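We count ligands from 1, going down the list as the structure has it; atoms in each ligand are counted the same way. No experiment lies behind these values; they were computed from the predicted model shown.
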Amino acid sequence: MKDFDFWAPTYFAFGRGKEARAGELVRQFGGRKALIHYGGGSAIRSGLIDRVKVSLTQAGVAFEELGGVMPNPRSGLVEEGVRLALDRKIDFILAVGGGSVIDSSKAIAIGAANGGAWRHFYVGREVKVRPAIPAALPVGVVLTIAAAGSEGSPNSIITLEPENLKRGAGSNILRPKFAVMNPELTMTLPPFQTACGLADMFAHLCERYFSPTTDVALTDSLCEAVMRTIVGESVKVMANPADYQARANIMWAGTLAHNDICGVGREQDWASHGIEHELSALYDCAHGAGLAVVMPAWMTYVHKVDTARFARFARAVFGVGIGEPDGQAALDGIAAFRGWLKSLGLPLTFAELGAREEDIPLLVWTLNLNGNTLGGFKPLNDADITAIYRLCL
Ligand code: NZQ
Ligand code: ZN
């Protein structure tokens with residue numbers, strides 16, 4: 001196991017009706033004037049935004065609001081939010097939504113605390129070291145979709161306009177102060193969005209599990225347990241979207257998959273995410289759908305680097321390949337993973353995603369490795385990434 005520092009101070013309020021505590025929690029973490037930030041309308045239609053406003057008013061917290069965050073959130077709305085936050089002297093950002101809303105909130109939080117500057121903190125694989133973020137307003141979350149894990153993560157991913165580059169910022173100061181997680185709020189998700197969330201959280205575990213670091217028995221087992229849970233509960237939630245217990249297990253799995261409890265002490269990979277972000281930037285597809293196409297292709301390309309690990313994944317997560325030689329078990333595991341994604345109704349190929357073979361050189365170019373490599377399990381160069389995109393065909 002490698003040495004690590006781990007600081008994950010988010011307060012979680014989990015369960016039915018917990019959104020009623022949003023105002024009290026904003027106040028507890030120092031907010032007096034909040035910006036409520038939300039998406040394209042689902043939180044308004046469900047009545048959640050009204051309930052959050054009541055909660056803020058009861059706690060004596062003043063508020064402004066800014067809706068309209070799109071999936072794969074854009075820099076234009078972040079700029080608007082930063083101006084609003086500075087003009088109205090906002091001291092707290094309350095994200096009501098999913099990963100896109102939370103990430104947009106984190107970007108506004110950076111800009112509002114740094115005199116309007118936030119964009120240069122968002123970088124890609126072209127740099128080896130991310131610029132340090134000196135300050136950010138506190139962010140709180142009322143989560144409405146189990147997926148990206150941004151409610152507990154130190155990251156924010158924004159599509160920078162007009163170049164259309166999907167880039168990330170990261171710092172522990174971006175971890176939300178609190179996350180309200182009511183599994184009932186996720187019951188209105190369309191099945192496709194539920195499935196995208198399942199694929200994303202599973203991928204977050206894979207990016208950590210497929211590691212060259214040895215002697216990580218505890219985090220290996222944690223990753224496997226969370227992956228098994230996601231697969232098991234997925235069957236229940238797809239059959240019955242109103243299954244509270246399945247929604248609850250999935251929601252907490254999404255947080256554990258990405259707040260790094262399962263990843264500390266290990267070199268992590270993140271190649272599939274880098275490769276996917278170019279797809280969701282160019283085609284505006286759902287991040288989880290892009291991962292459903294990329295992850296199995298990445299696995300197919302790299303599995304021989306550590307066949308035994310892939311065989312263990314097959315046996316421990318999907319219960320296949322038992323009694324088989326490792327080489328066969330590894331292939332069985334990748335096939336089982338593909339089968340699971342397909343059972344969720346997710347795309348598995350470029351064509352199903354709406355991506356085009358002729359765009360592959362552009363995708364590799366915008367990923368812009370700048371002479372660096374991508375990934376920790378098998379460091380990938382441009383030729384490797386081209387080959388992985390071709391496996392997605
Ligand atoms: O905009 P509204 O109308 O709210 O609709 C949203 C959106 O269309 C809808 N939705 C959310 N909750 C709902 C609901 N519809 C009905 N009922 C509800 N309860 O779902 C759609 C997707 O929302 P989005 O926030 O985009 O989903 P997700 O949580 O998957 O976030 C994806 C974004 O997170 C980034 C991705 O790249 C992508 O941009 N990621 C962020 C990470 C992080 N900050 O740590 C890590 C991830 O790897 C990921 O890259
Ligand atoms: Zn992800």
Q) When you check the gap from the basic side-chain N to the acidic O, do Arg266 and Asp215 get nearer than 4.0 Å? A) no
Q.
Please check whether Gly41 reaches ligand 1 - meaning an N/O of the residue sits under 3.5 Å from an N/O of the ligand, judged on distance alone.
A. yes
(Q) Tell me whether Arg32 forms a cation-pi arrangement with Phe92, defined as NZ or CZ under 6.0 Å from the six-membered ring centre and within 45 degrees of its axis. (A) no
Q: For ligand 1, find out whether one of its N or O atoms is nearer than 3.5 Å to an N or O atom of Pro190.
A: no
Q: May I ask you to check whether Gly40 has an N/O atom sitting below 3.5 Å from an N/O atom of ligand 1?
A: yes
Q: May I ask which of Met70, His277, His258, Lys106 has a heavy atom nearer to atom 46 (C) of ligand 1 than the others do?
A: His258
Q: Between Ile102 and ligand 1, find which residue part has any heavy-atom pair under 4.0 Å and reply side chain, backbone, both or neither.
A: neither
Q. Looking only at protein heavy atoms, which one is nearest to atom 35 (C) of ligand 1, and how far off is it?
A. Asp103 OD2, 3.7 Å
Q: Provide the number and element of each atom of ligand 1 under 4.0 Å from a heavy atom of His273.
A: 48 (O)
Q.
With heavy-atom distances below 4.0 Å as the criterion, list the atoms of ligand 1 near Pro73.
A. 39 (O)
Q) If hydrogens are left out, which of Glu151, Lys166, His287 has an atom nearest to atom 39 (O) of ligand 1, that is, the closest non-hydrogen atom? A) Lys166
Q.
Which option wins on minimum heavy-atom distance to atom 4 (O) of ligand 1: Gly68, Gly39, Ser42?
A. Ser42
Q | Check: His258 ring centroid to Trp270 ring centroid under 6.0 Å | A | yes
Q.
Just to confirm my output: which protein heavy-atom neighbour is closest to atom 33 (C) of ligand 1, and how far is it?
A. Ser100 OG, 3.5 Å
Q: Taking only heavy atoms of Ser153 into account, list the atoms of ligand 1 that are under 4.0 Å away from them.
A: 43 (C), 44 (N), 45 (O)
Q. Looking at His204, which atoms of ligand 1 are within less than 4.0 Å of one of its heavy atoms?
A. 47 (C), 48 (O)
(Q) Within the protein, is there a heavy atom lying under 4.0 Å from atom 43 (C) of ligand 1? (A) yes
Q: Identify, for atom 29 (O) of ligand 1, the protein heavy atom at the shortest distance, and state residue, atom and that distance.
A: Gly99 N, 2.7 Å
Q. What part of Pro71, side chain, backbone, both or neither, has a heavy atom within less than 4.0 angstrom of ligand 1?
A. both
**Q.** Phe121 six-ring face occupied by Arg130 cation (under 6.0 Å, within 45°)
**A.** no
Q | Selected option - heavy-atom contact closest to atom 13 (C) of ligand 1, from Ile145, Leu189, Thr188 | A | Leu189
Q. Considering distance alone, does some N or O of Trp270 sit under 3.5 Å from an N or O of ligand 1?
A. no
Q: Might you work through the salt bridge (charged side-chain N to carboxylate O under 4.0 Å, His left out) test for Glu126 and Arg167, ending with a clear yes or no?
A: CA-CA 10 Å; Glu126 66 275 7; Arg167 296 293 186 252; 3.7 Å; yes
Q: Look at atom 22 (C) of ligand 1 and say which protein heavy atom is nearest, naming residue and atom and giving the distance to 0.1 Å.
A: Gln193 OE1, 3.5 Å
Q: Quick one: look up the protein heavy atom nearest atom 12 (N) of ligand 1 and list residue, atom name and how far away it is.
A: Thr144 OG1, 2.8 Å
Q: Give yes or no for whether the N/O distance cutoff of 3.5 Å, strictly under, is met between Ile157 and ligand 1.
A: no
Q) At a non-hydrogen distance cut-off of under 4.0 Å, which region of Ala147 contacts ligand 1 (side chain, backbone, both, or neither)? A) side chain
Q: Quick one: name the protein N/O/S atoms under 2.8 Å from the Zn ion (ligand 2), chain by chain.
A: Asp200 OD1, His204 NE2, His273 NE2, His287 NE2
(Q) Give me the residue, atom name and distance of the protein heavy atom closest to atom 34 (O) of ligand 1. (A) Ala148 CB, 3.6 Å
